[in-house]
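Note that this is a predicted model, so its numbers are computed, not measured.
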Amino acid sequence: MASVGNILLEKEILLESGTNELELLVFSVSNCVFGINVAKVREVLPAQKITRVPQSHPSVVGSFQLRNSIVSCVSLHQHLGLTEMNRADQHTIIVTEINQRQTAYFVDRVENIHRISWEEVLSPPAILSSVNSPVTAVTTIGERLILLLDLELVDAQVSGVELETKTHENTRNLPRHTLKIVLADDSSTVREGITRTLSSSGYTDLTMANNGEEAWLILENMVRENLCLPDLIISDVEMPRIDGFHLTKRIKNHNQLKHIPVLLYSSIVSPDNQKKGSAVGADAQVAKPDLDQIVRIADDLISKSQPFSESTDHSAKINGPIDQVECNQALPQVEPAHGPNRTLETATLLAAEKADLPTSEMLDDAHLWFTFQREMHQRVDHLDALCKHYNQQLPTDDATNDLLRTLHSIKSAADVVTARPVTRSAHWLEDQLELTTRNGEPWPLAELNQYVKWLRDLTQMPYPDSLQGIPEFSLCVSA
């Protein structure tokens with residue numbers, strides 16, 4: 001444990017970046033083995049003298065002084081409903097820095113740090129919802145299944161912090177509507193939320209990518225086809241296939257793309273973790289609680305790379321050192337092949353226009369809700385196919401990982417529209433899968449099939465009453 005703590009304090013393991021790998025800190029709480037991205041860990045400590053704080057969250061056992069800071073301490077045993085294996089004075093403490101805030105967590109034992117590829121894990125999310133056992137992904141180390149614990153969700157639950165967005169004035173007089181931005185995130189609903197933040201301030205020429213690999217293919221195609229290159233790239237850090245650091249490294253090593261500013265967006269941005277982004281050439285990094293600052297940072301980065309002035313002809317953008325004669329139209333965005341009834345969507349949008357509420361706000365919320373429903377329609381089709389395929393046979397590890405990845409994607413999308421029953425039910429199913437996997441049993445198909453039916457009904461619910469009227473998922477158990 002001391003060696004792990006020393007490595008984290010020295011931060012040597014955090015200086016490497018752009019390799020599409022992550023370092024995973026493995027630890028145990030009761031009889032469960034968890035992992036967390038080392039980039040979110042500040043240090044590991046032995047038990048400390050804790051001062052209890054009245055009227056705090058039930059999972060917060062108190063606070064202690066760490067050098068010049070007061071840090072709140074959360075019992076993962078209490079938060080996850082697990083039995084404590086050790087006395088309080090025998091606990092190990094993991095101090096994290098998530099969303100620019102330090103939090104300490106009681107665990108039973110810290111094992112080691114393992115380096116693995118992002119291709120071996122599921123997409124980690126930005127989840128904010130009140131539910132227990134927040135497992136965001138799984139991976140295998142040796143013969144053990146490691147549960148990736150979403151401490152970002154736990155931190156949000158105990159702190160009650162919510163994201164805020166606002167419209168920013170165009171103080172630099174930038175031609176925002178003509179500037180092109182590529183946005184990479186593995187959740188369509190999260191992308192929709194960020195899109196609304198950007199477009200509300202005038203950035204409307206946006207190209208979306210589902211992950212770092214897709215973003216790279218889009219950029220390569222722009223170069224190959226002599227298309228107008230983006231003025232800014234915004235990327236999530238933790239994504240499957242190619243993560244944000246590796247994507248940035250590729251961009252900055254490419255002769256025709258390296259001039260484009262890159263803004264990394266994540267929950268793990270801190271003074272120490274920024275070294276990773278800086279090492280690969282990221283121009284700026286923003287934490288998730290500072291989502292409303294994305295527009296301001298975008299203005300700053302684009303202004304530095306393209307010095308606009310009042311005399312500048314904004315219709316002729318400077319795209320860096322590439323001499324382009326013509327900028328063709330951007331690649332069209334492809335709508336999902338399946339989705340809720342378009343007539344229902346049109347009728348609801350028309351009703352929103354007549355509602356006694358701010359029309360533009362209402363239409364934005366309705367559009368986000370339908371984006372969420374379209375995504376859920378695809379997710380539920382995939383869940384249904386998995387359940388039918390493994391109805392009569394024991395699922396493989398890859399199939400279980402696929403199922404968990406789908407549930408994780410559902411939770412990430414549900415968080416953006418604050419559909420808490422959806423997140424709670426997905427977390428409950430993850431718990432059931434964890435139990436069956438640990439016991440070598442088949443999936444809980446009865447529960448999964450009922451969940452598929454419940455979620456499919458959800459894809460047909462109208463807006464705006466749907467957010468208040470989403471029913472909780474409940475099992476109909478046969479006698």
Side-chain angles (χ1 to χ4, degrees), residues 32-35 79-82 121-140 145-150 152-154 156-157 186-187 189 240 372-373 375-459 461 470-478:
C32 296
V33 182
F34 296 105
H79 202 79
L80 302 177
L82 300 173
V121 300
L122 313 178
S123 304
I127 299 176
L128 306 168
S129 186
S130 301
V131 6
N132 293 326
S133 299
V135 176
T136 184
V138 295
T139 189
T140 303
L145 188 67
I146 309 297
L147 309 177
L148 272 65
L149 190 61
D150 187 4
E152 181 182 352
L153 171 58
V154 177
Q157 290 171 344
D186 58 336
S187 169
T189 312
F372 170 71
Q373 286 186 303
E375 180 174 349
M376 289 306 98
H377 191 91
Q378 293 178 317
R379 303 295 185 197
V380 78
D381 281 348
H382 187 61
L383 284 177
D384 193 25
L386 282 173
C387 290
K388 289 178 179 177
H389 183 73
Y390 289 100
N391 186 37
Q392 301 295 333
Q393 56 182 308
L394 191 68
T396 63
D397 289 343
D398 286 343
T400 299
N401 290 346
D402 189 7
L403 179 57
L404 286 168
R405 179 172 56 247
T406 303
L407 290 174
H408 168 70
S409 299
I410 289 171
K411 292 186 302 179
S412 298
D415 172 61
V416 175
V417 296
T418 323
R420 299 193 186 280
V422 179
T423 310
R424 280 192 285 269
S425 58
H427 267 296
W428 181 84
L429 279 170
E430 285 178 333
D431 288 346
Q432 306 310 305
L433 282 168
E434 191 271 330
L435 289 173
T436 57
T437 300
R438 188 166 54 194
N439 297 329
E441 300 172 353
W443 290 342
L445 285 171
E447 291 88 342
L448 280 168
N449 286 326
Q450 289 188 45
Y451 179 72
V452 166
K453 181 181 183 304
W454 175 78
L455 196 59
R456 195 178 297 281
D457 290 341
L458 183 73
T459 64
M461 293 183 66
I470 295 177
E472 292 285 347
F473 172 65
S474 59
L475 290 174
C476 300
V477 182
S478 301

**Study point:** Closest non-hydrogen atom pair between Pro444 and Leu433, with its separation
**Key:** CD-CD2, 3.9 Å
Exercise for review: Output the distance between atom NZ (Lys388) and atom CG (Asn449), rounded to the nearest 0.5 Å.
Suggested key: 9.0 Å
Check your understanding: Are side-chain heavy atoms of His382 and Asp402 found at a separation under 4.5 Å?
Key -> yes
Practice item. Please name the pair of heavy atoms, one in Gly35 and one in Ile146, separated by the smallest distance, quoted to 0.1 Å. Key: N-CG2, 3.7 Å
**Study point:** Side-chain touch Leu455/Phe473, heavy atoms, less than 4.5 angstrom
**Key:** no
Practice item. Would you check, one step at a time, whether the test side chain to side chain contact (heavy atoms under 4.5 Å, CB included) holds for Val452 with Arg456? Key: CA-CA 6 Å; Val452 166; Arg456 195 178 297 281; 4.1 Å; yes
**Study point:** Asp397, CG: over 12 other non-hydrogen atoms inside 6.0 angstrom
**Key:** no
Study note, to complete from the structure: OG1 (Thr396) and CG (Asn401) are apart, to the nearest 0.5 Å, by 8.0 Å
**Study point:** Value rounded to 0.5 Å, distance of CG in Leu145 from OG1 in Thr400
**Key:** 8.5 Å
Check your understanding: Out of curiosity, Arg379 CZ to Asp384 CG, how far, rounded to the nearest 0.5 Å?
Key -> 15.5 Å
Practice item. Would you mind reporting whether Leu383 and Ile410 have side-chain heavy atoms less than 4.5 Å apart? Key: yes
Check your understanding: So how far is it from Met376 CE to Thr459 OG1, rounded to the nearest 0.5 Å?
Key -> 10.0 Å
Practice item. I would like to know whether Glu430 and Leu147 meet side chain to side chain contact (heavy atoms under 4.5 Å, CB included); could you show each step before the answer? Key: CA-CA 10 Å; Glu430 285 178 333; Leu147 309 177; over 6 Å; no
Revision key, fill the gap. Output for pair (Ser425 OG, Tyr451 OH), nearest 0.5 Å, gives 4.0 Å
Point to revise | Check: Tyr390 and Pro442 side chains under 4.5 Å, non-hydrogen atoms | key: no
Exercise for review: Flag the pair Val380 / Lys453 as yes when at least one side-chain heavy-atom distance between them is below 4.5 Å, and no otherwise.
Suggested key: no
